[in-house]
There are 2 protein chains.
Amino acid sequence: MPRETLTKDQIIRTAVELLDSEGIEGLSMRQLGTRLNSAATAVYWHVKSKDDLLVLAADAVWEEIELPDLKEVTWQAAATAMAKGLFAMILRHPWLVPAMSTHLLYGLGKARHDDHLLAVYQAAGFTGRDVEQAMKTVFTFVLGTALGVASEAAWRARLRHTGGDEQAQIRDLVAQATEIAMRFPRLRAHSAAQEDDGPSPSPDKELEFGLRTILNGLQSELGTRPS
Amino acid sequence: MPRETLTKDQIIRTAVELLDSEGIEGLSMRQLGTRLNSAATAVYWHVKSKDDLLVLAADAVWEEIELPDLKEVTWQAAATAMAKGLFAMILRHPWLVPAMSTHLLYGLGKARHDDHLLAVYQAAGFTGRDVEQAMKTVFTFVLGTALGVASEAAWRARLRHTGGDEQAQIRDLVAQATEIAMRFPRLRAHSAAQEDDGPSPSPDKELEFGLRTILNGLQSELGTRPS
DNA sequence: CCGACGACTTGCACAGTGTTCAAGTGGGAG
DNA sequence: CTCCCACTTGAACACTGTGCAAGTCGTCGG
């Protein structure tokens with residue numbers, strides 16, 4: 001039988017795990033090496049570079065997204081399902097946001113997702129350039145929302161990595177940020193009023209609110225065009 | 001007269017310049033040092049850490065955004081102006097996107113912007129939680145759109161940095177990406193159809209399309225609420 | 001005018017990074 | 001048994017952020 005050896009697949013899986021637990025700055029070839037019980041440089045036989053590996057890892061996670069069946073539901077339901085699936089995936093892998101913002105990401109996984117997304121908006125009745133515009137509007141909105149959440153995950157991971165009392169550091173940072181905001185009377189009044197309204201809405205609620213209004217807007221855009 | 005010495009301001013300005021021209025990975029303390037004609041470690045007297053400096057630089061650029069006067073225009077016009085101002089600012093400083101996705105950014109500049117943004121949506125008639133939801137919907141959409149454009153700037157900068165023929169590398173990457181996409185019949189057909197429609201819309205057009213539909217959606221959301 | 005203090009700068013050092021490369025290892029084929 | 005080749009290894013290089021002891025140089029008290 002063949003000797004136990006690294007596989008590209010195993011490397012990518014381990015890279016994703018490492019990224020999930022340590023954030024994008026936590027991915028180092030040597031750390032990856034120890035997790036794989038091999039020398040750091042062994043990875044270079046299977047993969048061109050760290051950037052290459054990151055692109056591979058980033059593409060792998062797109063496969064996790066479930067694609068809704070188009071025949072059974074309205075286009076709004078399908079678009080919502082796609083958006084929520086993407087959003088949830090990014091929350092599981094917050095490092096994807098910094099990765100997207102510095103690398104050109106592509107691959108089978110992403111193409112599979114994009115293909116289905118295209119189908120959804122074509123089925124909705126958008127034509128020509130509009131189908132791309134509509135798609136992108138929703139897609140980028142999800143990305144923007146994910147950015148906020150991913151950001152928090154990222155700087156928490158960063159603080160964890162620098163050592164010291166993480167909780168205290170977070171308190172300091174947040175205190176500093178709010179101290180500055182409170183110098184603006186309007187912001188102060190607003191934040192006081194918000195406290196009376198109970199806890200602020202979860203990211204999922206934010207996503208739902210935005211999706212609803214965007215899809216409404218798209219629907220009326222659709223109305224002004226002949227089918 | 002006092003001896004010529006570094007100032008925090010000068011450091012931040014130079015850091016922004018360096019970030020603009022080299023991207024976020026191009027910001028190194030030693031490079032910054034040479035641009036300042038000083039030792040890299042001299043900066044550490046004025047600034048706690050590189051992360052600290054990045055937060056300062058990131059906050060500085062928010063000051064560039066012009067805040068529209070609220071008395072003269074409809075809320076949609078004001079919201080559009082804010083969104084376009086933010087978008088243009090990010091295009092001038094694409095490193096802000098990766099910075100936002102890994103650091104907790106705050107400061108006077110951002111607070112100033114947020115304060116005015118709040119004013120816009122309050123004046124529009126949103127109340128309670130809705131004002132934040134509406135604000136965030138537009139804001140995150142702009143961020144998402146900016147992410148796409150900033151990403152391209154970032155990986156171009158990255159390629160430039162690794163040396164070699166940048167143009168050729170770009171061609172290779174794009175070719176690889178489209179090769180994969182073309183395996184999906186629907187994507188292939190769509191991209192062929194797009195070519196007949198002339199050049200794809202500029203990022204600004206994308207932004208305008210999305211803004212229009214989102215603001216429409218928000219307007220009708222506003223209609224269902226009592227003022 | 002002088003000495004001392006303190007604001008600021010410097011160079012060195014350390015641990016860590018991605019990556020290259022010559023040298024090694026071991027299983028399967030002839 | 002031998003050779004080859006897929007795969008692994010460790011050393012090395014240039015680079016990173018940062019701590020620290022030492023140095024420089026204006027200003028101020030005597």
Side-chain angles (χ1 to χ4, degrees), chain A residues 1-12 14-15 18-19 21-58 95 98-99 102-103 154-155 157-164 169, chain B residues 1-12 14-15 18-19 21-58 95 98-99 102-103 154-155 157-164 169:
Chain A
M1 76 188 137
R3 121 175 99 145
E4 262 192 31
T5 197
L6 291 176
T7 51
K8 207 165 170 175
D9 237 58
Q10 182 193 176
I11 291 175
I12 295 176
T14 315
L18 186 52
L19 284 163
S21 69
E22 308 289 338
I24 200 167
E25 335 233 42
L27 176 67
S28 87
M29 298 308 266
R30 304 206 220 272
Q31 182 80 12
L32 184 62
T34 59
R35 284 218 187 193
L36 288 165
N37 284 117
S38 74
T41 51
V43 175
Y44 281 88
W45 196 91
H46 304 269
V47 140
K48 263 210 314 294
S49 65
K50 187 188 172 181
D51 285 347
D52 190 36
L53 174 59
L54 190 62
V55 172
L56 260 38
W95 47 269
T102 49
H103 292 70
W155 55 261
R158 161 189 299 279
L159 289 185
R160 201 178 321 128
H161 191 264
T162 64
Q169 280 181 293
Chain B
M1 76 190 137
R3 119 175 100 146
E4 261 193 30
T5 197
L6 291 176
T7 52
K8 209 166 168 175
D9 239 57
Q10 180 193 176
I11 291 175
I12 295 177
T14 315
L18 186 52
L19 284 162
S21 69
E22 307 289 338
I24 200 167
E25 336 234 41
L27 176 66
S28 85
M29 298 309 266
R30 304 202 219 269
Q31 182 81 12
L32 184 62
T34 58
R35 284 218 186 192
L36 288 165
N37 283 117
S38 74
T41 51
V43 175
Y44 280 89
W45 196 91
H46 304 269
V47 140
K48 266 209 313 296
S49 66
K50 187 188 172 180
D51 285 346
D52 190 35
L53 174 60
L54 190 62
V55 171
L56 290 166
W95 47 270
T102 49
H103 291 71
W155 57 260
R158 159 188 301 279
L159 288 185
R160 201 176 322 127
H161 191 264
T162 64
Q169 278 181 295

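First the proteins, then the strands, lettered A, B, ... as listed; each starts at 1.
B:Glu22 places its CD atom 12 Å from the P atom of D:dT16, with the value rounded to the nearest Å. Here the P atom of nucleotide C:dT19 and the CD atom of A:Gln31 are 16 Å apart, to the nearest Å. Following rounding to the nearest Å, B:Met29 (CE) and C:dT17 (C1') show an atom-to-atom distance of 17 Å. Look at OH on B:Tyr44: it is 10 Å from C1' on D:dG19, rounded to the nearest Å. Taking atom NZ of A:Lys50 as the reference point, atom C1' of D:dT16 lies 12 Å away to the nearest angstrom. Atom CG of B:Leu18 and atom P of D:dT16 are 11 Å apart (whole Å). One atom, CG of A:Asp52, and another, C1' of C:dT19, lie 14 Å apart when rounded to the nearest Å. One atom, CH2 of A:Trp45, and another, P of C:dA22, lie 18 Å apart when rounded to the nearest Å.
Contact annotation for B:Ala42: base contact, defined as any heavy-atom pair under 4.0 Å involving a base atom. Looking at heavy-atom distances under 4.0 Å, B:Leu36 makes no contact with the nucleic acid at all. Among the atoms of the strands shown, none is found under 4.0 Å from any heavy atom of B:Leu32.
Between the side chain of A:Arg30 and the base of C:dG16, no donor-acceptor pair of N or O atoms lies under 3.5 Å. At a cut-off of 3.5 angstrom, the base of D:dG17 holds no donor-acceptor pair with the side chain of B:Thr41.
Remark: A:Ser49 is not in phosphate contact with C:dG18, judged by side-chain N or O atoms under 4.0 Å from OP1 or OP2. OP1 or OP2 of C:dT9 sits under 4.0 Å from a side-chain N or O of B:His46.
Taking CG of A:Leu53 as the reference point, atom CD1 of A:Ile11 lies at 7.5 Å (rounded to 0.5 Å).
By the 4.5 Å heavy-atom criterion applied to side chains, B:Leu32 and B:Lys50 are not counted as neighbours. Within the 4.5 Å cutoff, the side chain of B:Thr14 has heavy atoms near those of the B:Gln10 side chain. Residues A:Asp51 and A:Val55 fail the side-chain proximity criterion, which asks for heavy atoms closer than 4.5 Å. Two residues are said to be in side-chain contact when any heavy atoms from C-beta on lie closer than 4.5 Å; A:Val47 and A:Ile12 fail this criterion.
Here the side chain of B:Ala39 is nearest to one of D:dA6, C:dT10, C:dT19, namely C:dT10. Of the candidates D:dG17, C:dT9, C:dT17, the closest approach to any side-chain atom of A:Ser28 belongs to C:dT17.
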